[in-house]
Amino acid sequence: MSLDDIAFHDSIFNEVSISLVQRTCRIGLRLGDWDVGKDRTVCEFFFKEMVSVFGRFDFIDLAENAWAGNVQDGYVDATDSRLRMHLTGGTLEAVAESILLSQIAPIGAVSACPGAEGLEASFRSIEAVDLDFSHLELIEISPVTSTCRLGIQVRTSTNLSERAMATLIFESVSSCIAHLDVTKLSGEHRFGNVVGGHVDAEQGRVRLYLRDGFIEILGRAASLVWT
């Protein structure tokens with residue numbers, strides 16, 4: 001499948017995964033316009049030597065429109081390896097040195113995933129974790145499963161260089177905003193690439209202030225798993 005032959009309209013946005021360590025990004029889509037009888041095909045955009053990513057995602061809106069297609073429009077600019085998509089619930093723009101598109105398998109239309117009801121936010125469990133001077137390595141955003149995962153090295157003592165790998169897991173996510181200068185956030189950082197973090201347990205909101213960007217996640221449940 002050529003980058004010039006993509007029909008973004010009425011496609012389904014599945015997920016985006018960003019590695020700040022490898023400077024790569026994967027964006028999963030179900031491409032194809034079911035209105036004109038084309039089977040949706042699972043495809044993946046793979047970005048190498050990432051430059052920047054901006055995404056704003058309303059998970060509820062994306063889920064409600066998934067059955068019909070939650071991608072309104074999009075385009076790929078091969079001259080500067082840029083992908084931009086306008087979603088029913090947000091927008092996504094990724095810039096890199098190169099973009100590859102791979103076709104995985106055909107798939108029919110899918111229905112929206114129902115959101116979990118009655119979950120109590122468990123943000124209290126991470127409210128006491130000191131996220132300052134942490135090092136963010138991986139970001140996974142999945143409207144299909146209403147989850148976000150952050151792979152992060154968390155400081156374990158007053159010594160800024162002593163960190164342990166952990167995964168911040170967010171469930172029943174309602175929204176996520178990420179603005180990342182991947183070029184500047186990648187590589188080794190003595191003091192980490194997280195300047196500070198704020199956890200609002202009452203609102204179910206976590207915001208990480210990065211050296212060159214930020215990420216904010218709003219959900220109903222969160223947990224920190226040491227790996």
What are the two closest heavy atoms between [X] and [Y], and how far apart are they?
X    : Y    : value
S134 : L131 : OG-O, 2.8 Å
I27  : A94  : CD1-CB, 4.4 Å
L224 : A166 : CD1-CB, 3.6 Å
I217 : C176 : CG1-SG, 4.0 Å

- Results of side-chain hydrogen bond (donor to acceptor under 3.5 Å, both in side chains) for R23 - residues two or more places apart only: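 By the side-chain hydrogen bond (donor to acceptor under 3.5 Å, both in side chains) rule, R23 matches E49.
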- Task: Check side-chain hydrogen bond (donor to acceptor under 3.5 Å, both in side chains) between D58 and all other residues, then give those that pass, not counting sequence neighbours.
- Result: none
- Message: Looking at E216 and R205, is any side-chain nitrogen of the basic one under 4.0 Å from a carboxylate oxygen of the acidic one?
- Response: yes
- So does D132 pair up with R155, basic N to acidic O under 4.0 Å?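 Answer for the salt bridge query: no.
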Reported [atom1]-to-[atom2] distance for the pair [X] and [Y], which is rounded to 0.5 angstrom:
X    : Y    : atom1 : atom2 : value
D181 : D212 : CG    : CG    : 5.0 Å
N14  : L62  : CG    : CG    : 11.0 Å
Q72  : N65  : CD    : CG    : 8.0 Å
L20  : E137 : CG    : CD    : 8.5 Å
L168 : R149 : CG    : CZ    : 11.0 Å

- Message: Checking one residue: I169. Which other hydrophobic residues are in its cluster under the side-chain 4.5 Å linking rule?
- Response: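 The other cluster members (ILVMFWY side chains, heavy atoms under 4.5 Å, direct or chained) are V225.
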- Give a yes or no answer on whether the side chain of D73 reaches the backbone of H9 with a donor-acceptor pair at less than 3.5 Å.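 No; zero donor-acceptor contacts below 3.5 Å.
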- Query: Backbone N or O of A7 within a donor-acceptor pair of the S11 side chain at under 3.5 Å?
  - Reply: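 Confirmed, S11 side chain pairs with A7 backbone.
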- Task: Mind telling me whether F214 and H179 have parallel, tilted or perpendicular rings, with 30° and 60° as the class edges?
- Result: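 Plane angle over 60°, so perpendicular.
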- Can you say whether the rings of F13 and F57 are parallel (under 30°), tilted (30 to 60°) or perpendicular (over 60°)? parallel
- Residues forming a ring pair (Phe, Tyr, Trp, His ring centres under 6.0 Å) with F47, sequence neighbours excluded: none
- Item | All side-chain contact (heavy atoms from CB on, under 4.5 Å) counterparts of D77, not counting sequence neighbours |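 Counting only residues at least two positions away or on another chain, D77 forms a side-chain contact (heavy atoms from CB on, under 4.5 Å) with Y75, T79, D80, R82.
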- Query: Taking only residues two or more places apart in sequence, or in another chain, which ones meet E15 in a side-chain contact (heavy atoms from CB on, under 4.5 Å)?
  - Reply: S142
